[in-house]
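In what follows, a single structure is set out as structure tokens and then discussed.
Source: prediction; values computed, not measured. Just so you know, these numbers use all the heavy atoms, side chains as well, and skip hydrogens, waters and symmetry mates.
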Amino acid sequence: MVRYRTVKVREDVYQRLARLADSSGKSMSDLIEELLNNYESGVRYSDVVVKLGRIEAILRECLSKLSTRV
């Protein structure tokens, strides 16, 4: 049997979780579980942002090189 608990969060945090759950089509419980799994497996938001920044820099460099050839 699955037991449920109540967790108190600030209103702004709740709204963010609700928007994310709604946009991903997940229940609040499933969303929190996914976020915890990602955290525990080492997936960090800041790491993703840094990597996306590097990809952006590489793409800008590629575009720059392509535009000088045309």
Inset, instruction - Would you give the length of the straight line joining atom CG of L66 to atom CD of E61, rounded to the nearest 0.5 angstrom? - result: 11.0 Å
Legend entry - Distance in Å, S27 OG paired with D22 CG, rounded so as to fall on 0.5 Å steps: 12.0 Å
Legend entry - Single-linkage hydrophobic cluster L31~V13, side-chain heavy atoms < 4.5 angstrom: yes
Legend entry - Nearest heavy-atom neighbours spanning S67 and S64: OG-O, 2.9 Å
Inset, instruction - Could you tell me the separation between the CG atom of N37 and the CD atom of E33, rounded to the nearest 0.5 Å? - result: 5.5 Å
Inset, instruction - Starting at NZ of K65, measure out to CG of L63 and round the result to the nearest 0.5 Å. - result: 11.5 Å
Legend entry - Rounded distance [0.5 Å steps], OG in S41 versus CG in N38: 5.0 Å
Legend entry - Linked, directly or transitively: L35 and Y14 (ILVMFWY side chains, under 4.5 Å): yes
Inset, instruction - Report yes if some heavy atom in the side chain of V7 is under 4.5 Å from a heavy atom in the side chain of I32; otherwise report no. - result: no
